[in-house]
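In what follows, a single structure is set out as structure tokens and then discussed.
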Amino acid sequence: MASTPPHCSITATKPYQNNPYPQNQLKNHRHSPNPPKYHRPWAPQRFSPSSLGGGNRGRGSGASPSTSAAAATGQLSQTPTRFPALSPLQTPKSDLSPDFSGRRSTRFVSKMHFGRPKTAMATRHSLIAEDALHHAIQFSGDEEGIHNLLLSFESKLCGSDDYTYILRELGNRGEFEKAVRFYEFAVKRERRKNEQGKLASAMISTLGRLGKVGIAKRVFETALADGYGNTVYAFSAIISAYGRSGYHEDAIKVYKSMKSYGLRPNLVTYNAVIDACGKGGMEFKQVAEFFDEMQRNGVQPDRITFNSLLAVCSRGGSWEAARNLFDEMLNRGIEQDIFTYNTLLDAICKGGQMDLAFEILAQMPAKNIMPNVVTYSTVIDGYAKAGRFNDALTLFGEMKYLGIPLDRVSYNTLLSIFAKLGKFEEALDIVKEMASAGIRKDAVTYNALLGGYGKQGRYDEVKTVFAEMKQEHVLPNLLTYSTLIDVYSKGGLYKEAMEIFREFKSVGLRADVVLYSALIDALCKNGLVESAVSLLDEMTKEGISPNVVTYNSMIDAFGRSATMECLADINEGGASGLEEEDESFSSSSISLSPSNSLPLAVGKVDSLSKLTKTEDHQIVKIFGQLVAEGNNRTKKDCKQDMQELSCILEVFHKMHELEIKPNVVTFSAILNACSRCNSFEEASMLLEELRLFDNKVYGVAHGLLMGYRENVWVQAQSLFDEVKAMDGSTASAFYNALTDMLWHFGQKRGAQLVVLEGRRRKVWENVWSDSCLDLHLMSSGAARAMVHAWLLNIRSIVDEGHELPKLLSILTGWGKHSKVMGDGTLRRVVEALLRGMGAPFHVAKCNVGRFISTGSVVEAWLRESGTLKVLVLHDDKHEQASLPLPL
DNA sequence: GTAGGGTTAG
């Protein structure tokens with residue numbers, strides 16, 4: 001049968017675990033000292049080498065002698081690891097070419113969590129110190145008043161221990177100004193250098209924790225100049241302070257300067273340096289050099305060293321490296337704590353390995369480490385980011401059941417889930433619950449609401465929430481403004497977008513890559529590619545480097561406006577569009593007149609803006625222009641794409657020049673751009689770019705496109721394995737893009753092969769049952785290939801003599817990928833397809849996105865003699881220039 | 001000296 005896969009080896013994939021745990025086991029999970037052990041027969045008893053991923057490939061060949069030992073000690077991976085070769089710390093390599101990056105995040109620098117209280121430790125302060133602290137907290141008077149307060153306690157406080165206690169505690173309450181006053185007073189009255197030194201390091205560390213790195217630096221430099229700052233403690237404290245604020249280069253400088261002060265870095269110093277490097281977004285390999293260095297200098301890493309290294313993996317999404325580190329801790333007999341587990345879990349969640357994350361979470365009670373609010377919010381967020389919202393909410397239920405109180409972060413995590421899903425009732429319930437728990441809404445809370453409402457096009461609510469935010473004196477930040485500018489400009493509300501941008505500038509904030517990328521994307525989506533290019537140029541001039549997201553938007557803009565307008569022309573020109581079975585391949589109606597209006601190259605369009613010198617920012621000018629044009633914006637004529645093609649090639653060129661690594665979204669964007677090409681020759685130029693980026697992805701696309709299905713299927717499987725490890729929407733977008741491209745160029749059997757593989761791997765949720773085909777997550781090519789496959793499947797049911805369900809439905813939704821609310825592109829495509837093959841489906845009365853028929857009518861149709869012929873797909877025969885073979 | 005949340009691409 002035409003719809004069956006070719007005879008080639010299809011490697012088995014891991015069994016997919018749909019539901020992470022049955023309900024009855026959930027109930028047994030108690031937050032008690034002696035939790036019941038989980039029995040999960042569906043879970044692997046130990047980790048198989050194949051589940052270890054690429055991080056271990058090429059090492060430790062042969063059998064692992066530590067297998068049983070590993071099982072006994074609960075090791076996460078079994079490959080023997082040997083330090084100090086640092087092999088377990090290496091970043092795992094993809095099976096695909098090194099450029100293929102499954103990671104999507106472009107955020108490397110961690111968020112700063114300032115103001116975390118210093119965990120309690122044995123203090124040697126006196127009761128008088130507590131009294132003084134109490135007075136200091138209550139105090140709200142002027143400078144003279146605090147001086148008097150200090151004087152009144154001067155004779156009673158016992159040296160630096162008391163003062164250290166007070167300034168740390170003041171720091172825990174955010175009262176850094178009072179802390180500095182206490183510090184200055186204490187240092188002045190203290191004669192002994194070493195006591196002054198203790199005070200200085202305590203002060204620097206307190207300021208560092210509060211994010212007051214500038215003041216910390218002053219304290220440090222003064223202490224150095226006055227001769228009591230040259231202690232390992234003070235240096236470690238300032239390194240840590242720099243690290244917390246993301247100044248890892250300064251942290252390293254200070255560390256390197258220690259030698260010249262005659263100081264030997266100790267364990268705390270190294271831990272601070274490693275942590276600073278990680279927080280500053282340094283690559284694991286570089287951070288590991290400090291790890292090597294400390295051991296060379298005879299300092300043995302401890303639990304915190306490893307926890308900080310784990311955090312580096314988590315920021316990079318290197319979950320395999322994190323597992324290796326975790327195992328290495330066990331090998332070395334280093335105790336593991338809640339930080340270890342939470343950081344490991346974060347790495348695994350960020351690596352998208354949610355089933356493994358759940359597994360580890362479930363093992364924690366048996367290790368006597370009870371999951372806390374951080375553990376749960378980490379995994380809940382992981383599920384949400386993987387698109388597994390039900391699992392996220394189930395876990396939230398478990399957390400509540402266990403009586404773990406929610407905090408600000410976990411409330412915001414949940415709120416953002418509901419807001420993203422557009423479930424505003426639930427979101428507002430969370431807001432209410434927050435209020436009754438005494439947690440005030442912060443910028444994160446408001447930003448989640450603004451983004452949620454904005455993405456649903458509910459601009460009135462956006463305005464109300466933003467007004468409330470200001471009323472409540474919650475300061476809008478860069479993320480707030482980025483969100484607002486993004487939703488307004490994507491919605492075409494240029495006036496509002498411009499006002500927000502003006503306000504953003506007036507409060508002294510500086511645009512960043514995200515803000516620019518959002519704007520560029522909006523312009524591209526609205527067909528304003530020229531303006532997008534000019535902004536790309538503008539941001540570069542401002543010293544803001546575009547990233548892969550920026551470029552993906554630009555690539556995705558290719559052919560978009562032309563296609564849309566030409567389609568509009570086709571529809572206006574009488575052809576009902578329904579008969580237009582495939583709008584793409586031979587769109588001969590497209591006018592081929594060249595035009596100069598598209599810029600030839602990035603960076604050449606700024607000459608105009610230089611001539612028209614105004615005080616307004618380029619962004620404001622663009623918005624102003626768009627507002628002035630209003631709805632009367634003149635539609636561009638359909639153009640031949642050679643101009644656009646050279647523009648996009650220039651974009652690729654720039655990407656290479658800036659060494660911006662593509663990721664799977666880039667590949668999807670290129671494939672989508674191919675689907676918008678009017679000729680195979682044009683597409684082949686884009687595919688050549690794909691080849692330069694990633695030869696294996698190219699190999700699969702090329703092989704399927706040329707009809708060499710059998711030859712590339714093994715390679716395709718390995719590619720699909722990698723894609724499947726990503727979150728659901730990333731994976732489905734790739735399948736959609738690949739299928740569309742194949743369908744567009746007439747490789748319909750290849751397209752069907754890919755969608756069937758996608759179905760097998762559950763890339764799209766619940767695609768089909770015997771009674772219903774749900775296409776709402778699919779692109780037009782994927783949907784069409786799927787309709788054929790589903791109908792063939794229904795036909796085999798009839799053939800086997802079984803009865804069909806009474807009612808059969810095909811759901812198209814609104815066509816998720818149209819990105820236009822209410823734009824039923826997918827519905828129209830499917831309707832045309834069904835009509836074209838004479839399938840007896842009609843639009844359901846109550847739902848225009850749903851096609852229905854009765855089982856008996858469909859059965860009769862399937863039994864007709866000509867039906868099979870229209871159901872079986874054939875490849876279109878086109879004269880195709882051959883593409884270069886993959887390397 | 002160590003952990004979790006909010007913004008951009010399909």
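In what follows, every heavy atom counts, from backbone to side chain, and hydrogens, waters and symmetry copies are set aside. Proteins get letters first, then strands, A, B, ... in listed order; numbering begins at 1 in each. The model shown is predicted, which means the values in this text are computed figures rather than measured ones.
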Determine whether any donor atom in the side chain of A:Thr483 lies under 3.5 Å from an acceptor atom in the base of B:dT7, or the reverse, and answer yes or no. no

Of the listed nucleotides (B:dA9, B:dG4, B:dG10), which one gets closest to any side-chain atom of A:Val548? B:dA9

Name the nucleic acid region contacted by A:Thr378, choosing base, sugar-phosphate or nothing; use a 4.0 angstrom heavy-atom cut-off, strictly under. sugar-phosphate

A:Leu484 and A:Phe504, any side-chain heavy atoms less than 4.5 Å apart: no

Report which part of the nucleic acid A:Val379 touches: base, sugar-phosphate, or nothing (heavy-atom distance under 4.0 Å, all strands). nothing

Start with the C-alpha distance between A:Thr445 and A:Asp442, add both sets of side-chain angles, then the distance that settles side-chain hydrogen bond (donor to acceptor under 3.5 Å, both in side chains), and finish with yes or no. CA-CA 5 Å; A:Thr445 321; A:Asp442 62 5; 2.7 Å; yes

Check this for me: does any side-chain nitrogen of one of A:Asp556 and A:Arg676 sit under 4.0 Å from a carboxylate oxygen of the other? yes

Checking only heavy atoms, does the side chain of A:Asp337 share a donor-acceptor pair with the base of B:dA3 at less than 3.5 Å? no

Which listed nucleotide (B:dT2, B:dG10, B:dT7) is nearest to the side chain of A:Lys525? B:dG10

Select base, sugar-phosphate, or nothing to describe what A:Ala237 touches, counting heavy atoms under 4.0 Å on all strands. nothing

Go through the N and O atoms of the side chain of A:Thr730 and the base of B:dG10, and report whether any donor-acceptor pair is under 3.5 Å. yes

Between B:dT8, B:dG6, B:dT2, which nucleotide gets closest to the side-chain atoms of A:Ser517? B:dT8

Should the side chain of A:Asn372 and the base of B:dA3 be counted as holding a donor-acceptor pair, with the cut-off at 3.5 Å? yes

Check: A:Tyr270/A:Glu293 side-chain N/O donor and acceptor closer than 3.5 Å: no

Which nucleotide sits closest to the side chain of A:Leu479: B:dG4, B:dG6, B:dA3? B:dG6

Salt-bridge present (A:Lys490, A:Asp521; N to O < 4.0 Å): yes

NA contact type, A:Ser377, heavy-atom cut-off 4.0 Å: base, sugar-phosphate, or nothing? base

Any base atoms under 4.0 Å from A:Asp442, or only sugar-phosphate, or nothing? Heavy atoms, all strands. base

Just how far, in rounded Å, is P of B:dT2 from CG of A:Asp346? 16 Å

Categorize A:Thr343 for me: base, sugar-phosphate, or nothing, with a 4.0 angstrom heavy-atom threshold over every strand shown. sugar-phosphate

Answer with yes or no whether A:Ser308 presents, from its side chain, a donor or acceptor under 3.5 Å of a partner atom in the base of B:dT2. no

Is the distance from OP1 or OP2 of B:dT7 to the nearest side-chain N or O of A:Lys420 less than 4.0 Å? yes

If I take atom CG in residue A:Leu344 and atom C1' in nucleotide B:dG4, what distance separates them, rounded to the nearest angstrom? 14 Å

Look at the side chain of A:Arg303 and decide which nucleotide, out of B:dA3, B:dT8, B:dT2, has an atom nearest to it. B:dT2

Value in whole Å for how far the C1' atom of B:dT2 lies from CG of A:Leu310: 10 Å

Out of B:dT2, B:dT8, B:dG4, which has the shortest distance to the side chain of A:Lys350? B:dG4

Taking atom types as modelled, find out whether A:Ser314 and A:Asp346 have a side-chain donor-acceptor pair closer than 3.5 angstrom. yes

Heavy atoms only, 4.0 Å cut-off, all strands: where does A:Leu267 land among base, sugar-phosphate and nothing? base

Taking OP1 and OP2 of B:dT8, is either one under 4.0 Å from a side-chain nitrogen or oxygen of A:Lys455? yes

Could you check whether A:Thr375 gets within reach of a base, just the sugar-phosphate, or nothing at all, counting any heavy atom under 4.0 Å? nothing

Taking OP1 and OP2 of B:dG4, is either one under 4.0 Å from a side-chain nitrogen or oxygen of A:Lys385? no

A:Val549, nearest nucleotide to its side chain (from B:dA3, B:dG6, B:dT8): B:dT8

With respect to the phosphate group of B:dG4, does any side-chain polar atom (N or O) of A:Arg408 fall under 4.0 Å of OP1 or OP2? no

